[in-house]
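Worksheet: the structure to be examined is printed underneath.
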Amino acid sequence: MPSFKIGQRDVGDGSPTYFIADISANHDGDLSRAIDLVHLCAEAGAEGAKFQHFRASKIVSDHGFKALGNRLSHQAKWGKSVFEVYEDASLDWGWTEDLKNACHDAGIDFFSSAYDFEAVDMLDAYVDVFKIGSGDIDWTEMLRHTGSKRKPVLLATGAADLADVQRALDELRVTTRDICLMQCNTNYTASLENFGHIHLNVLRSYRELFPEVVLGLSDHTPGHATTLGAVTLGASAIEKHFTDDNGREGPDHPFSMSPQGWREMVDRTRELELAMGSPEKTVALNERETAVLQRRCLRAGVDLQAAMILERSHIEVLRPAEPSGITPPHVERVVGMRMARDLPAGHHLEWGMLLSVEE
């Protein structure tokens with residue numbers, strides 16, 4: 001059963017789902033706001049707060065996006081250039097220790113997605129796990145550099161095919177075996193049509209193809225249907241964006257989850273985990289009384305006298321099922337046996353009341 005630790009928490013098969021609140025750019029350039037979001041997500045049930053450490057010049061080409069012309073997908077609604085949006089959304093690296101301390105005070109884990117080599121090196125002193133975003137799944141140098149820190153890695157697999165996933169795993173496995181492979185869809189438009197593109201059943205394929213990795217979901221759809229589905233299919237870690245106000249200006253607020261929605265998601269998932277239970281089919285502890293009430297046993301349909309040879313018409317199969325009573329599968333065996341004593345109609349039959357014809 002694959003698993004690894006993030007801080008003191010076991011993440012993997014057999015452990016409760018680990019919830020990651022991706023605060024990302026929702027700090028809006030304000031450290032105090034970022035710290036407030038840390039505490040809010042902890043109160044809502046998150047066990048890890050994730051940020052994103054990038055510098056605009058190290059993640060996007062101003063020239064490249066301008067040459068691309070009309071912005072695509074979710075970027076089409078941005079009022080500024082892509083480069084400017086990334087500049088505004090970047091996190092001041094000087095906040096890192098404060099954010100780490102805030103997470104400690106809130107009782108949750110701190111980590112981040114690092115988007116360049118220097119960010120990986122800087123974060124190494126502050127994090128127990130690294131997250132690699134979907135956009136870097138084919139940047140093999142970055143995969144190797146992140147893996148070289150020999151810490152667990154969460155790898156999102158949005159906008160990728162199976163060959164991309166296999167190549168990324170091959171790179172990471174050189175230095176770490178602690179990998180969470182996260183199904184993901186990178187359409188951030190918050191459209192309800194996106195549910196048709198999540199493909200949670202990919203998690204089934206991941207489990208079959210890569211049984212040694214922990215499974216997860218990095219998701220951007222509203223609500224928690226995908227979360228519940230992913231956990232049912234074996235996901236052990238769930239990442240969702242987190243904000244306190246979907247109406248705020250910023251690239252990530254529209255598709256992020258609110259504290260109320262987040263709390264609901266966690267609570268429903270904990271119920272699901274209880275409901276998933278054991279793969280062994282048995283009478284559940286809370287069914288033992290209803291098994292008596294709802295199941296049947298063999299009962300005397302008429303007054304039975306000692307030495308009477310039982311016929312099928314003498315027997316009724318009725319509730320409740322007395323614990324000492326003969327159960328319905330044995331009715332054919334009982335027919336033709338001889339009563340050892342009298343039994344009034346309505347009373348249940350027991351094996352000690354019957355004799356074979358020869359006896």
Side-chain angles (χ1 to χ4, degrees), residues 20-41 46 48-103 110-123 126-127 130-136 139 142 156 158-159 184 186-191 218-220 222 239-259 262:
I20 305 159
D22 189 0
I23 295 174
S24 61
N26 290 337
H27 52 75
D28 298 337
D30 183 339
L31 174 58
S32 63
R33 173 173 167 74
I35 292 173
D36 287 343
L37 288 173
V38 165
H39 287 278
L40 282 173
C41 75
K50 189 184 79 72
F51 291 86
Q52 297 179 359
H53 279 64
F54 60 78
R55 295 165 290 185
S57 62
K58 293 285 189 176
I59 190 172
V60 295
S61 164
D62 189 26
H63 170 78
F65 275 101
K66 286 177 178 176
L68 191 61
N70 293 329
R71 291 194 293 272
L72 305 175
S73 189
H74 58 285
Q75 295 182 352
K77 295 181 180 180
W78 291 358
K80 297 181 179 180
S81 72
V82 172
F83 189 85
E84 289 172 319
V85 171
Y86 273 85
E87 277 194 319
D88 292 343
S90 62
L91 184 150
D92 185 334
W93 289 15
W95 298 356
T96 305
E97 186 167 357
D98 291 324
L99 295 176
K100 168 79 171 180
N101 291 336
C103 288
F110 164 78
F111 55 100
S112 185
S113 293
Y115 287 92
D116 59 61
F117 299 147
E118 293 82 3
V120 173
D121 294 338
M122 185 276 294
L123 281 167
Y126 297 97
V127 301
F130 282 98
K131 166 71 188 300
I132 297 176
S134 297
D136 290 339
W139 190 10
M142 186 61 161
C184 179
T186 56
N187 185 299
Y188 305 118
T189 59
S191 169
S218 178
D219 186 47
H220 312 98
E239 179 188 48
K240 287 263 201 176
H241 279 68
F242 184 89
T243 186
D244 60 347
D245 184 355
N246 295 108
R248 291 181 69 93
E249 184 178 352
D252 296 336
H253 289 295
F255 61 85
S256 298
M257 291 189 71
S258 68
W262 189 280

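Counting begins at 1 with the first residue of the sequence.
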### Query
For the residue pair W139 and F117, is the inter-centroid distance of their aromatic rings smaller than 6.0 Å?
yes
### Task
Look at the side chain of N246 and the backbone N and O of H253, then say whether any donor-acceptor pair between them is shorter than 3.5 Å.
yes
### Message
Given 3.5 Å as the limit, does a donor-acceptor pair link the side chain of S112 with the main chain of H53, or not?
### Response
yes
### Backbone of A119 reached by a side-chain donor or acceptor of D116 within 3.5 Å
yes
### Side chain D28, main chain D30, donor-acceptor under 3.5 Å
no
### Query
Is any side-chain N of the basic residue among E239 and K131 closer than 4.0 Å to the acidic one's carboxylate O?
yes
### Task
List the steps, then state whether side-chain contact (heavy atoms from CB on, under 4.5 Å) holds for R55 with S90.
CA-CA 6 Å; R55 295 165 290 185; S90 62; 5.9 Å; no
### Query
side-chain contact (heavy atoms from CB on, under 4.5 Å) between L123 and F51: does it pass, once the steps are laid out?
CA-CA 11 Å; L123 281 167; F51 291 86; over 6 Å; no
### N/O donor-acceptor pair under 3.5 Å between T243 side chain and D245 backbone
yes
### Task
Look at the rings of F255 and H241 and say which category their plane angle falls in: under 30° parallel, 30 to 60° tilted, over 60° perpendicular.
perpendicular
### Query
Is there a donor-acceptor contact under 3.5 Å from the side chain of N26 to the main chain of F242?
yes
### Query
Can you name the nearest heavy-atom pair linking H27 to G29, along with the distance?
ND1-N, 2.8 Å
#### Entry: F83 and F65 aromatic centres sub-6.0 Å
no
#### Entry: Nearest heavy-atom neighbours spanning T186 and A159
OG1-CB, 3.5 Å
### Task
Go through the steps for D36 and D244 under the test side-chain contact (heavy atoms from CB on, under 4.5 Å), then give the verdict.
CA-CA 9 Å; D36 287 343; D244 60 347; over 6 Å; no
